[in-house]
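Heads up, the thing below is written out as structure tokens.
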Protein chains: 2
Amino acid sequence: MERQTTIKDIALALRLSTSTVSRALRDAPDVGEETRKAVKALAEELDYQPNKLALSLLKKQTNTIGLIIPNLDYVLATMVKGIDEVALEAGYTVMVCQSDESFGREIVNTKRLLDSLVDGFIISVSSETMIFEHIKKIQQKKKPLVLFDRTINSIAAPRVRLDNVEGGRIATQHLIDQGYKRIALLAGPENLNISNERMEGYLQTLKQNKIKVDKNLIIHCDFNQEYGKMATKELLTMKNRPDAIFAISDRLAIGALLAIKETGLKIPKDIGLVGFNNDPMTKLMTPTISSVEMFAFEMGKATAKIFLEMIHSETDMSDKEIIFKPKLFVRESSSRI
Amino acid sequence: MERQTTIKDIALALRLSTSTVSRALRDAPDVGEETRKAVKALAEELDYQPNKLALSLLKKQTNTIGLIIPNLDYVLATMVKGIDEVALEAGYTVMVCQSDESFGREIVNTKRLLDSLVDGFIISVSSETMIFEHIKKIQQKKKPLVLFDRTINSIAAPRVRLDNVEGGRIATQHLIDQGYKRIALLAGPENLNISNERMEGYLQTLKQNKIKVDKNLIIHCDFNQEYGKMATKELLTMKNRPDAIFAISDRLAIGALLAIKETGLKIPKDIGLVGFNNDPMTKLMTPTISSVEMFAFEMGKATAKIFLEMIHSETDMSDKEIIFKPKLFVRESSSRI
DNA sequence: TATACTCATGATAACGATGCCGGAAAGGGT
DNA sequence: ACCCTTTCCGGCATCGTTATCATGAGTATA
């Protein structure tokens, strides 16, 4: 690792003080025209780059965002891309840490980023996370924090999220409109907001349509294709099997699709299916799967923008909330009219 | 942003010098037992965390790895996971930057990371990258650099890659074994190593089997489903159309599959198809797509390990190369015997 | 009793940069 | 000739930590 040229090197070579060199480089006012030129020329020649570490130590700001996410599936990768784009533009670098849906990893990551002095955090919690002390700690240290996608109600921080209740509603209503009567729900982990909100939309819609809720038709499982498949198989062997499935994520929906295919039932004739996320995969399956779009890229950009706003303004933004409206894309798996 | 407690605070409170406090906290030998206890107790109470910035400035090391990748598709996300895992274990944090397959972005990212003082780089180049000055600059500054997946021949740096020639061979040989005679190649961008190597394997295998190479059957296109689809449509309208397609990535293979389906040809009867990467999607398509597995997670881990080795040893490792052997997973799209 | 040696601690410089203050030289006005 | 203002630059402190050297007290040794 080669020694970087420093301001001192330039100062020494030009028989100037470091202060003067520093001023010259920053185009500060009180520097002679000639010295300024000389300094800049030499800096160019020696390929001088200011040491960000020294600056960060002095200014107490690192221009770095700590981003903690549960995984890197389609939706999150897309959100990360959105965050990255806005952050880069504003001169921030993003440190991405995957918790891998593990509470322990999330804590380790938070701790690490916290004392490696990121300027703030953007977080989407793992599905295991039910205790939020690590997140409160961020706030105790008065670091900016923005929650996105999987948000937490008990934490007062600005958030960017989808109107998941609405998402649950439009998916369920669509299935009802297509004539399905017994609609099952493949839900996610029980402690996850997004899952419960989508379920809330499902329940509301059933009630509005005077359809009785059958709790046996609601199954909680991890966001994982295999679980989706297993859960669906279970549903399909019930004596009074559902005639439609609303899966809270496309992964689960794909698992469901595979399970349904194995039993020989026809989609959408015998059974309807709607997923969530509008993962490009849904367009590639046979049959193609209807799904709820959540505008991940835009959500990512909005999240980063709020973060930057929070960094730059001193006003309290903890009740700021941006809610995206979901949109259903109807495909073969639920079109039987 | 709250002021962090520093060593000075503790020193002041305990009427000690910062030196002593520093020693006590690091369990250095020559500190009195009582003072050590007192210091540690107070540190605990005030939730003291050493300032990493100050340490980094002093030690000239940030425990940070700059990771530059073209995108976050399945393979790369998996590799990143592998890298992350090993890095975290070793106390390093990874800064992931996506070049988004853009040469310009790649340069900006490199520059940024370079002067934000990461300890070294792990890079997989964008498909546009044909000039490597930015990468040479990293080496000029004597920062550790490891290339992976999409490597560059003209740069002397340790690398972790797949035996792509072999990958091209096994895919092509498999198609020949299945009785396909006119095998087309959906190649990637012309300047990309991985693409050319896979093509090399394809060409070798054709020759070995005394099959004449028809250049019209080789099409270069970006790694993108749409391009794969367009290219395939073109291939299928030839007067002497191919009876099999070897796509250099699963995205292209999926595009090909869609194009083939639209023309009404039967897979694998009328036309065979093999992809590359073994993306989980290939298992979900109808028909399922044969594909070459590249062990992305293991490659990621190996890459990070080499990086760490490079950081810790002072010996030249620039000719170190780890080559993974690919494995073909045969599925419906190419099984007609 | 003087010498040497250990043990615990303090003082200082350094990492690379900035910000504030002060001062020399030059010029202008009265 | 005096004072005042600019213009340009150097010195010093600072950010939080560690490393190196110095110092002081106390103890063992000859």
Side-chain angles (χ1 to χ4, degrees), chain A residues 1-40 42-43 46-64 91 114-119 141 143, chain B residues 1-40 42-43 46-64 91 114-119 141 143:
Chain A
M1 212 104 65
E2 207 173 46
R3 214 182 132 282
Q4 281 279 44
T5 51
T6 73
I7 237 177
K8 213 186 261 178
D9 299 328
I10 300 181
L12 224 59
L14 262 43
R15 296 170 180 283
L16 288 170
S17 73
T18 57
S19 325
T20 307
V21 175
S22 169
R23 276 187 298 247
L25 288 170
R26 280 174 296 137
D27 283 319
D30 45 355
V31 180
E33 202 45 51
E34 285 184 27
T35 48
R36 185 194 311 278
K37 273 185 189 160
V39 168
K40 287 204 171 177
L42 190 58
L46 299 180
D47 190 29
Y48 167 80
Q49 291 298 113
N51 184 318
K52 289 241 172 105
L53 239 36
L55 279 174
S56 293
L57 180 59
L58 196 60
K59 301 269 187 64
K60 296 174 185 307
Q61 120 171 17
T62 55
N63 277 54
T64 294
L114 198 51
D115 53 46
S116 72
L117 303 171
V118 296
D119 286 346
K141 301 223 173 190
K143 299 245 180 198
Chain B
M1 213 105 65
E2 209 173 46
R3 210 181 136 285
Q4 282 279 43
T5 51
T6 74
I7 238 175
K8 214 186 261 176
D9 299 328
I10 300 181
L12 224 60
L14 261 43
R15 295 170 180 282
L16 287 169
S17 72
T18 57
S19 324
T20 307
V21 175
S22 169
R23 275 186 298 247
L25 289 170
R26 280 174 297 137
D27 281 319
D30 44 356
V31 180
E33 201 45 51
E34 285 185 26
T35 49
R36 185 196 309 278
K37 273 186 191 160
V39 167
K40 286 203 172 179
L42 189 58
L46 299 180
D47 191 30
Y48 166 79
Q49 291 300 111
N51 184 319
K52 289 242 171 108
L53 239 35
L55 278 175
S56 294
L57 179 59
L58 198 59
K59 300 269 186 66
K60 296 174 183 308
Q61 118 171 15
T62 54
N63 277 56
T64 293
L114 199 51
D115 52 47
S116 73
L117 303 171
V118 295
D119 286 346
K141 301 222 172 190
K143 298 246 181 198

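Chain letters run A, B, ... following the sequence lines, proteins first and then strands; every chain starts at 1.
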* Residue-level proximity of residues 25-33 of chain B to DNA chain C when a heavy atom falls under 4.0 Å -> B:D30, B:V31, B:G32

* Would you call A:K40 and A:D27 a salt bridge, using N to O less than 4.0 angstrom? -> yes

Taking [atom1] from [X] and [atom2] from [N], how many angstroms apart are they, rounded to a whole number?
X: A:L16; N: D:dG11; atom1: CG; atom2: C1'; answer: 14 Å
X: A:I10; N: C:dG16; atom1: CD1; atom2: P; answer: 13 Å
X: B:Q49; N: D:dT17; atom1: CD; atom2: C1'; answer: 14 Å
X: B:N51; N: C:dC15; atom1: CG; atom2: P; answer: 18 Å
X: A:D9; N: C:dC15; atom1: CG; atom2: P; answer: 10 Å
X: A:L58; N: D:dT17; atom1: CG; atom2: C1'; answer: 15 Å
X: A:Q4; N: C:dA17; atom1: CD; atom2: C1'; answer: 14 Å
X: A:K8; N: C:dA13; atom1: NZ; atom2: C1'; answer: 10 Å

* Kindly determine whether A:S19 and A:S22 satisfy side chain to side chain donor-acceptor pair (under 3.5 Å), including the steps that lead there. => CA-CA 5 Å; A:S19 325; A:S22 169; over 6 Å; no

Under 4.0 angstrom between [X] side-chain N/O and [N] OP1 or OP2:
X: B:T18; N: D:dG16; answer: no
X: A:K59; N: C:dG19; answer: no
X: A:S17; N: D:dG11; answer: no
X: B:S19; N: C:dA11; answer: no
X: B:S22; N: D:dT18; answer: yes
X: A:K60; N: D:dG16; answer: yes

Give a yes or no on whether the backbone of [Y] and the side-chain of [X] come within a donor-acceptor separation of less than 3.5 Å.
X: A:N63; Y: A:G91; answer: yes
X: A:D119; Y: A:T62; answer: yes
X: A:T18; Y: A:I7; answer: no

May I ask you to say what [X] touches in the nucleic acid, namely base, sugar-phosphate or nothing, with a heavy-atom cut-off under 4.0 Å?
X: A:R36; result: nothing
X: A:L53; result: nothing
X: A:E34; result: nothing
X: B:S56; result: nothing
X: A:I7; result: sugar-phosphate

Between [options], which nucleotide gets closest to the side-chain atoms of [X]?
X: B:L55; options: C:dG10, D:dT17, C:dC20; value: D:dT17
X: A:L57; options: C:dG16, C:dA17, C:dT9; value: C:dG16
X: B:R23; options: D:dT17, D:dC9, D:dC21; value: D:dC21

* Should B:Q4 and A:K60 be marked as a side chain to side chain donor-acceptor pair (under 3.5 Å) after you check the CA-CA gap, both sets of side-chain angles, and the distance that decides it? -> CA-CA 10 Å; B:Q4 282 279 43; A:K60 296 174 185 307; over 6 Å; no

* To do: To the nearest 0.5 angstrom, please state how far the CG atom of B:N51 sits from the OG1 atom of B:T6.
  => 9.0 Å

* A:L57 versus B:L57: any side-chain heavy-atom pair under 4.5 Å? -> yes

